[in-house]
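Here's the structure we're looking at; comments come further down.
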Amino acid sequence: MTNSIEKAYQAAQDVYAQYGIDPAAALEQLEKIAISIHCWQGDDVGGFETPDSELAGGGIQVTGNYPGKATSHQQLRTDLEKAASLIPGHHRLNLHAIYGEFQGKKIDRDQIEPAHYQGWIDWAKAQNFKLDFNATCFSHPKADDGLTLSSPNAAIRDFWIEHVSRARKIAAEMGKQLYSPAVHNLWIPDGTKDVPVDRMGLRQFLKQSLDTIYQTRHDKGHMKDAVESKLFGIGSESFVVGSHEFYMGYALKNDLMVCLDTGHFHPTELVADKLSSTLLFCDEVLLHVSRPVRWDSDHVVIMSDEIKILAEEIIRSNRLDNIHIGLDFFDASINRIGAWVVGTQAMLKCLLLAFLQPYKQLLEAERNNDGFTRLALQEQGRTLPFGSVWDYYCHKNNIPTGPELITEIKNYESQVLSKR
């Protein structure tokens, strides 16, 4: 098998050389990219606030109940370690606030402290992970009416302001200890099922809450802030307070990152098309990559056309250091470790495919108004031996490919997951 992978890679190098492409250089570039892998795929966005924590409300829904779900910090970490062992490269872990270690105590979200996440920081150090972090403004009694930071109730707003402020402090501590700035992303479910009368009033409340939260600035060497919009959700079909326009304006005015989630726009909108425009005005951008099938359904990422185009725009922007790539999907109907591996590998494959395009020739043809050559090169690029380069990358990183990868995940299921 080793021989055949190496021979196929050598043959691929010869083919790519005809287009002036060096696969070895492409792999060097890919190796530098760290994907922020989301913890919530492992337990269906339940968290560990209480022994029976589960997802509730907030416009988020998980379908399926595949056996083997992680029900403790140790199980979730073990599953993450297994997934990481099957993904080439060095990546990050994105945590939600509901995954703190509370030792069986009832710690409400306006009382969380860095100490509740020290176990994750220590684990990340041992596993060569860096961490990102999110406040959790859903699955809580004070979010049941669909409004948090935009609530007309000042006490509700104050509760969530305190929670987000503490989450940002925790993110900064993570970045400080791990010597890599943690991205703190803020998404809230706020919206209404039917058409509201006072859109302006709700958005004013949200702006006031955000102004209070972000008046405290943290060292950007420790933590970076992002804000995430959404088009609609379950229970917020008619109006979402934190729209794209709202957060774009707020981020630009307050030096924050915009988070572009591939499932948070109209089905015909391409996040890829938004990236270049956003980067002209924002120094950095956060991406949340999922696969929306009908709405923000967060299916496992695959090598779809949308993600391929997004990867092309990421690479062509020449702003890799300014683009943070995170994943945001959860599927409880299939093996959860397999979902992590397939989804993360798919994102990496799309990036590698973008690195392996004859970009110089494509750009030259475009600038010469040679539409035929540009089209022909794009079509020929679809059948170049990309798979041989990917298999070699995995082989170089001691990652199984093909049927061996499936067998490895199935074995883990029979030896570990099935015994839970």
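In this chain, numbering begins with 1 at the start of the sequence shown.
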With Lys274 as the cation and Phe265 as the aromatic partner, state whether NZ or CZ is under 6.0 Å from the six-membered ring centre and within 45° of the axis. yes
Cation-pi between Arg77 and Trp120: NZ/CZ under 6.0 Å from ring centre and within 45° of the ring axis? yes
Could you check if a side-chain atom of [X] sits within less than 4.5 angstrom of a side-chain atom of [Y], using non-hydrogen atoms only?
{"X": "Arg291", "Y": "Ile302", "answer": "yes"}
{"X": "Tyr16", "Y": "Phe386", "answer": "yes"}
{"X": "Phe246", "Y": "Leu210", "answer": "yes"}
{"X": "Phe355", "Y": "Glu312", "answer": "no"}
{"X": "Asp331", "Y": "Ile334", "answer": "yes"}
{"X": "His38", "Y": "Phe329", "answer": "yes"}
{"X": "Ile21", "Y": "Pro358", "answer": "yes"}
{"X": "His116", "Y": "Ile170", "answer": "no"}

Side-chain donor-acceptor pair under 3.5 Å between [X] and [Y], yes or no?
{"X": "Trp40", "Y": "Asp328", "value": "yes"}
{"X": "Asp108", "Y": "His140", "value": "yes"}
{"X": "Glu173", "Y": "Gln177", "value": "yes"}
{"X": "Arg316", "Y": "Ser276", "value": "no"}
{"X": "Asp44", "Y": "Tyr66", "value": "no"}
{"X": "Asn153", "Y": "Ser151", "value": "no"}
{"X": "Glu31", "Y": "Tyr393", "value": "yes"}
{"X": "Ser317", "Y": "Glu313", "value": "no"}
{"X": "Glu413", "Y": "Asn335", "value": "yes"}
{"X": "Asp296", "Y": "His264", "value": "yes"}
{"X": "Asp122", "Y": "Gln118", "value": "yes"}
{"X": "Glu81", "Y": "Ser85", "value": "no"}
{"X": "Tyr412", "Y": "Asp79", "value": "yes"}
{"X": "Tyr9", "Y": "Gln13", "value": "yes"}

Which pair of non-hydrogen atoms, one from Ile33 and one from Leu320, has the smallest distance, and what is that distance? CD1-CD2, 3.9 Å
Atom pair [atom1]/[atom2] of [X] and [Y] - distance to nearest 0.5 Å:
{"X": "Met347", "Y": "Leu351", "atom1": "CE", "atom2": "CG", "value": "4.0 Å"}
{"X": "Gln75", "Y": "Leu80", "atom1": "CD", "atom2": "CG", "value": "12.0 Å"}
{"X": "Asn185", "Y": "Glu228", "atom1": "CG", "atom2": "CD", "value": "5.0 Å"}

Short side-chain to backbone donor-acceptor contact, [X] and [Y], under 3.5 Å:
{"X": "Lys230", "Y": "Val240", "answer": "no"}
{"X": "Arg166", "Y": "Ile112", "answer": "yes"}
{"X": "Arg168", "Y": "His163", "answer": "no"}
{"X": "His184", "Y": "Met223", "answer": "no"}
{"X": "Asp225", "Y": "Leu256", "answer": "no"}
{"X": "Ser290", "Y": "Asp298", "answer": "no"}
{"X": "Arg92", "Y": "Asp132", "answer": "no"}
{"X": "Glu284", "Y": "Val258", "answer": "no"}

What about the rings of His266 and Phe232, do their centers lie closer together than 6.0 Å? no
Electrostatic pair Lys142-Asp158, nearest N-O below 4.0 angstrom: no
Salt bridge Glu49-Lys106, side-chain N to carboxylate O under 4.0 Å: no
Only residue of Thr148, Ile188, Val45, Asp144 satisfying side-chain contact (heavy atoms from CB on, under 4.5 Å) with Phe138 is Val45
If you count heavy atoms of other groups shown closer than 6.0 angstrom to [atom1] of [X], is the number above 12?
{"X": "Lys105", "atom1": "NZ", "value": "no"}
{"X": "Lys396", "atom1": "NZ", "value": "yes"}
{"X": "Lys7", "atom1": "NZ", "value": "no"}
{"X": "Asn411", "atom1": "CG", "value": "yes"}
{"X": "Asp273", "atom1": "CG", "value": "no"}
{"X": "Lys169", "atom1": "NZ", "value": "no"}

For a side-chain contact (heavy atoms from CB on, under 4.5 Å) check, start with the C-alpha distance between Leu287 and Ile314, then their side-chain angles and the critical distance, and finish with the verdict. CA-CA 10 Å; Leu287 297 174; Ile314 292 171; 3.6 Å; yes
In sequence, state the C-alpha distance, the side-chain angles, and the governing distance for Trp390 and Leu27, and then conclude on side-chain contact (heavy atoms from CB on, under 4.5 Å). CA-CA 9 Å; Trp390 171 258; Leu27 292 179; over 6 Å; no
One pair to check against side-chain contact (heavy atoms from CB on, under 4.5 Å): Arg203 and Ser243. What are the steps and the verdict? CA-CA 9 Å; Arg203 286 182 168 139; Ser243 65; 3.6 Å; yes
Using ring pair (Phe, Tyr, Trp, His ring centres under 6.0 Å) as the criterion, point out the one residue from Tyr99, Tyr117, Phe102 that pairs with Phe48. Tyr99
Give the C-alpha distance, both sets of side-chain angles, the deciding distance and a yes or no for side-chain contact (heavy atoms from CB on, under 4.5 Å) between Leu202 and Leu147. CA-CA 9 Å; Leu202 291 174; Leu147 298 174; 4.1 Å; yes
Lys69 and Asp43: CA distance, side-chain angles, deciding distance, salt bridge (charged side-chain N to carboxylate O under 4.0 Å, His left out) verdict: CA-CA 5 Å; Lys69 168 184 171 179; Asp43 83 319; 5.7 Å; no
